[in-house]
Amino acid sequence: MLKIGRYQFQSRLFLGTGKFSSLEVQREAVEASEADVLTFAIRRLDVFNPDQPNFLEKLDLKRFTLLPNTAGATTAEEAVRIARLAKASNLCDMIKVEVIADPKTLLPDPIATLEATRILVEEGFTVLPYTSDDPVIARKLWEAGAHAIMPGGAPIGSGQGLLNPMYLRYIIEESPVPVIIDAGIGSPADVVQAMELGADGVLLNTAVSQADDPVKMAEAMKWAVKAGRLGFEAGRIPKRTTASASSPQTGLVK
Ligand SMILES: CC(=O)[C@@H](O)[C@H](O)COP(=O)(O)O
């Protein structure tokens, strides 16, 4: 069971809802993923007119916890304003803070992210900031009261996997709040790696929505999260530089 603030989730897979070829494919992929948490950009919804056609309309939203995100914000003020809008429309008090600093890398602005996190924690939101893989800024975010930390594996949409597993491990080992690896995941193998590092969950979008078969990939990601988590809990063997026979060497018939 994954706990973030006052929320509890069975699934450790958080799924983004954008970039699907059709709303039907999106619905089937969401089903196949068995994700509990769906994220979406507030700016893409007319939040005060839920009856208007929108890109979540095929989903039975009552079955999921919605994690609105502040995508599109480039300053702390904008992120805070978008988060307040989400709360005012009764979507959810949980917010993924995303303040993008640079259009080429889509890397987050660490200072603005920290500022927005402080304000939103103070206002009673459950705050999940998207951050880089820098352990120092990750620490500042949980010190500021973030309820989970979401370091990127690689730039959003790049499918590069985990570019800096060592830094991600530092973040995971030190953080007193859940760590969800968010962005840059390309394949189930990347998910397994993240979960085996000890991540509490992963958030991904492009790897599923742009796969040749998004529904199959969503299911593969579901199993990858489970396999990686089980492997982490089971504890892997240490790597050796020498061979070690699998059969016991004692009691052999001569
Ligand atoms: C949907 C969302 O929140 C993205 O901003 C997120 O970071 C996912 O990134 P990928 O598309 O690389 O999985």
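Indexing begins at 1, ligand by ligand and atom by atom, following the structure's order. Remember, it's a predicted structure, so these values are computed and weren't measured experimentally.
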Between ligand 1 and [X], is the shortest N or O to N or O distance under 3.5 Å?
X: Lys19; value: no
X: Leu203; value: no
X: Ser158; value: no
X: Lys96; value: yes
X: Gly184; value: yes

Would you call [X] and [Y] a salt bridge, taking side-chain N to carboxylate O under 4.0 Å as the test?
X: Arg229; Y: Glu233; result: yes
X: Glu24; Y: Arg27; result: yes
X: Lys3; Y: Asp200; result: no
X: Glu196; Y: Arg236; result: no
X: Glu31; Y: Arg63; result: yes

So which protein heavy atom does [atom] come closest to, and at what separation?
atom: atom 1 (C) of ligand 1; answer: Asn205 OD1, 3.3 Å
atom: atom 12 (O) of ligand 1; answer: Gly157 N, 2.7 Å
atom: atom 9 (O) of ligand 1; answer: Ala183 CA, 3.4 Å
atom: atom 7 (O) of ligand 1; answer: Asp182 OD1, 2.7 Å
atom: atom 5 (O) of ligand 1; answer: Glu98 OE1, 3.4 Å
atom: atom 10 (P) of ligand 1; answer: Thr206 OG1, 3.6 Å

Could you see which bit of Thr17 sits under 4.0 Å from ligand 1, with heavy atoms only: side chain, backbone, both or neither?
neither
Please work out, at 4.0 Å between heavy atoms, whether the side chain, the backbone, both, or neither of Thr39 comes within that distance of ligand 1.
side chain
Got more than 12 heavy atoms from elsewhere within 6.0 Å of CD1, Ile111?
no
A student checking ligand 1 against Leu204 at a 4.0 Å heavy-atom cut-off should list atoms 13 (O)
Ligand 1 atoms nearer than 4.0 angstrom to some heavy atom of Asn69 are 3 (O)
If you measure only the distance, is there a donor-acceptor pair under 3.5 Å linking the side chains of Ser22 and Gln26?
no
Do Asp134 and Tyr170 have side-chain atoms, one donor and one acceptor, less than 3.5 Å apart?
no
All side-chain contact (heavy atoms from CB on, under 4.5 Å) counterparts of Asn205, not counting sequence neighbours
Phe20, Ser209
With the side chain counted from C-beta on, respond yes when Lys96 and Asp182 share a heavy-atom pair under 4.5 Å apart, and no when they do not.
yes
